[in-house]
Number of protein chains: 2
Amino acid sequence: MSTTGNGEVGEPLPTGDLFLRLDRSGRIPLYYQIAEIIEAAIADGTLPTGIRLENEVSLGERLGISRPTIRRAIQELVNKGLLVRRRGIGTQVVQRPVTRKFELSGLYDDLLRGSRNPTTDLLVREVVPADAETAKILSVPEGVDVLHLRRLRYADGVPLAVLENSLPIEFASIADDDLRTRGLYGVLQGRGTQISVAYQQVGARGATAEEGRLLGIPEGAAVLTMERTAYNNDGRAVEFGRHCYRPDLYSFEMTLVNS
Amino acid sequence: MSTTGNGEVGEPLPTGDLFLRLDRSGRIPLYYQIAEIIEAAIADGTLPTGIRLENEVSLGERLGISRPTIRRAIQELVNKGLLVRRRGIGTQVVQRPVTRKFELSGLYDDLLRGSRNPTTDLLVREVVPADAETAKILSVPEGVDVLHLRRLRYADGVPLAVLENSLPIEFASIADDDLRTRGLYGVLQGRGTQISVAYQQVGARGATAEEGRLLGIPEGAAVLTMERTAYNNDGRAVEFGRHCYRPDLYSFEMTLVNS
DNA sequence: GAGTGGTCTAGACCACCGG
DNA sequence: CGGTGGTCTAGACCACTCA
């Protein structure tokens with residue numbers, strides 16, 4: 001039986017029982033399985049906040065897994081901000097309130113995860129020549145046709161955000177119903193387009209008259225804004241969005257980790 | 001001489017000359033040196049947007065460096081959103097406009113990097129008993145003394161942000177002058193406190209009368225808000241901040257990468 | 001089938017921390 | 001000093017993509 005001290009005593013740890021479900025023959029990488037098990041143990045309190053983890057070498061030996069694989073699993077959780085490593089000391093669970101992580105996903109899935117029922121009105125859907133800015137961002141010649149969308153997103157029936165997007169013309173065949181019943185990223189994924197990188201900028205400004213009308217707030221009231229350019233896994237821009245949110249109903253959460 | 005095709009032709013690449021400066025005996029990790037060289041090559045156009053990188057195995061052989069080390073260097077840049085990898089295809093430079101990355105750093109250093117001269121007014125600096133919320137966030141008992149700060153941050157002489165922070169009492173000895181001439185994170189680092197994780201939430205609201213006066217905007221005008229809790233490398237909370245920014249002068253930029 | 005990245009192993013040595 | 005994480009090596013096999 002292995003032990004993991006908390007700095008003062010060397011108590012036996014429940015971690016000994018956590019790793020019985022490793023599947024070495026399946027498609028899921030070992031490091032991923034290990035990371036998920038540890039993450040779940042943190043989430044349900046089996047690994048309390050502030051506790052020191054078993055060291056990498058002994059954990060690897062105990063599970064019959066090489067140290068680089070163990071390290072990779074732990075690194076995933078360090079990157080998520082759940083663990084902290086210190087040379088010469090050990091690895092600890094970060095002491096913190098529960099916070100959801102910030103991922104590359106659309107608003108729709110974000111609302112789904114938060115159990116806020118998302119729905120969508122399709123306000124505008126047109127094919128128009130790209131203006132200079134859109135053309136530059138999407139890396140197409142100016143004046144070439146692009147798909148332009150304007151949607152109103154609700155959460156639990158309450159208007160939450162005005163979503164304005166431009167996409168290359170190859171996406172013009174997207175069905176209206178898909179846009180109404182799914183998130184844009186879900187639709188793109190269904191067409192085999194995987195988003196792998198996105199750059200976004202979050203700011204604020206006063207609402208325009210139309211935004212105020214759509215969102216049910218006065219003109220000039222504060223809205224939270226986000227501009228995002230998303231790139232395919234071959235590095236090409238597939239979507240440019242300019243969105244605004246009701247700030248009392250939505251905010252951006254994120255975790256930052258020091259290299 | 002090695003070659004790296006761009007998908008159509010197999011042209012010789014200038015990358016052959018890029019890796020002459022590797023220092024194997026110094027303190028800087030090899031993977032870090034390699035990542036920096038590639039990043040610089042992307043930044044100055046030596047590795048143009050969309051180009052395919054030399055494959056991992058051959059790059060490793062050519063440099064006399066093992067493949068895991070090469071992979072780690074490339075992974076750093078994938079995490080920064082500069083490169084995209086596809087199995088069976090190769091590694092490409094992401095096609096994108098130049099964007100600064102989003103790091104765990106304070107506003108002060110952020111402004112410095114952007115060559116916007118940051119200065120600070122210290123409006124409030126007091127030791128007060130922690131209210132319930134602050135106590136919970138900082139993981140101290142309610143009513144225990146904490147250091148409370150209120151600062152006004154300028155960029156190029158223009159008021160930019162109202163910064164409100166609470167810190168554990170051990171930081172009460174921070175000098176006023178340090179707070180006026182440096183960023184909070186710089187001061188903490190100077191005291192040997194390294195921030196390693198932070199959770200933040202970005203939103204918007206209307207400015208209060210006082211915020212409007214300080215920032216030179218009307219009461220009720222939109223401000224961008226950020227709340228952040230920062231944790232030490234031993235996992236303890238060291239700072240809680242509640243800030244608001246003039247949205248015409250500041251916004252948050254970030255890069256998101258799909259797992 | 002050839003070439004690519006994705007995963008994994010079994011070691012090694014080092015740097016840093018605490019007692 | 002012993003224990004920890006940080007780096008690095010030299011291989012291996014697999015999954016995927018494209019011609």
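Side-chain atoms are counted along with the backbone in the values below, which use heavy atoms only and exclude waters and symmetry mates. No experiment lies behind these values; they were computed from the predicted model shown.
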In this structure, how many angstroms lie between the [atom2] atom of [N] and the [atom1] atom of [X], rounded?
X     : N      : atom1 : atom2 : result
B/E61 : C/dG3  : CD    : P     : 12 Å
A/E76 : C/dC8  : CD    : P     : 11 Å
B/Y32 : D/dC8  : OH    : C1'   : 18 Å
B/R85 : D/dT17 : CZ    : P     : 16 Å
A/I74 : D/dG6  : CD1   : P     : 9 Å
A/I28 : D/dC14 : CD1   : C1'   : 16 Å
B/D23 : D/dC8  : CG    : C1'   : 15 Å
B/N55 : D/dT17 : CG    : C1'   : 14 Å

Classify the side-chain pair B/Q194/B/Q189 by whether it contains a donor and acceptor separated by less than 3.5 Å.
->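 A donor-acceptor contact under 3.5 Å links the two side chains.
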List every contact pair, protein side and nucleotides 9-13 of chain C side both N or O, where the distance is under 3.5 Å.
residue : atom : partner : partner atom : Å
C/dT9   : OP1  : A/R24   : NH2          : 2.7
C/dT9   : OP2  : A/S66   : N            : 3.1
C/dT9   : OP2  : A/S66   : OG           : 2.7
C/dT9   : OP2  : A/T69   : OG1          : 2.8
C/dA12  : N6   : A/R67   : NH1          : 3.4

Do A/R228 and A/E239 sit within salt-bridge range, that is, some charged N less than 4.0 Å from a carboxylate O?
->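 Between A/E239 and A/R228 there is no salt bridge, as every charged N stays at least 4.0 Å from the carboxylate O atoms.
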A/E39 bridged to A/K80 by N-O distance under 4.0 Å |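 Result for this pair is yes, salt bridge flagged.
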Mind checking whether B/I169 and B/V146 have side chains closer than 4.5 Å, heavy atoms only?
->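 Not touching, per the 4.5 Å side-chain cut-off.
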Do B/E227 and B/F240 have side-chain heavy atoms sitting under 4.5 Å apart?
-> yes
Under 4.0 Å: is that the gap between some side-chain N or O of [X] and OP1 or OP2 of [N]?
X     : N     : result
B/T91 : C/dT4 : no
A/R71 : D/dG6 : yes
B/Y31 : D/dC8 : no
B/R72 : D/dT7 : yes

Ignoring hydrogens and geometry, is there a side-chain-to-backbone donor-acceptor pair from A/R52 to A/I89 under 3.5 Å?
->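 Checked: pair present.
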Backbone N or O of B/S66 within a donor-acceptor pair of the B/R71 side chain at under 3.5 Å?
-> no
Measure centre to centre between the rings of B/F252 and A/F252, then say whether the value is under 6.0 Å.
-> no
Can you check nucleotides 15-18 of chain C for protein contacts, nitrogen or oxygen pairs under 3.5 Å, and list what you find?
residue : atom : partner : partner atom : Å
C/dA15  : O4'  : A/R87   : NH1          : 2.9

Could you check A/V78 against A/V84 for side chain to side chain contact (heavy atoms under 4.5 Å, CB included), going step by step and ending with a plain yes or no?
-> CA-CA 6 Å; A/V78 169; A/V84 174; over 6 Å; no
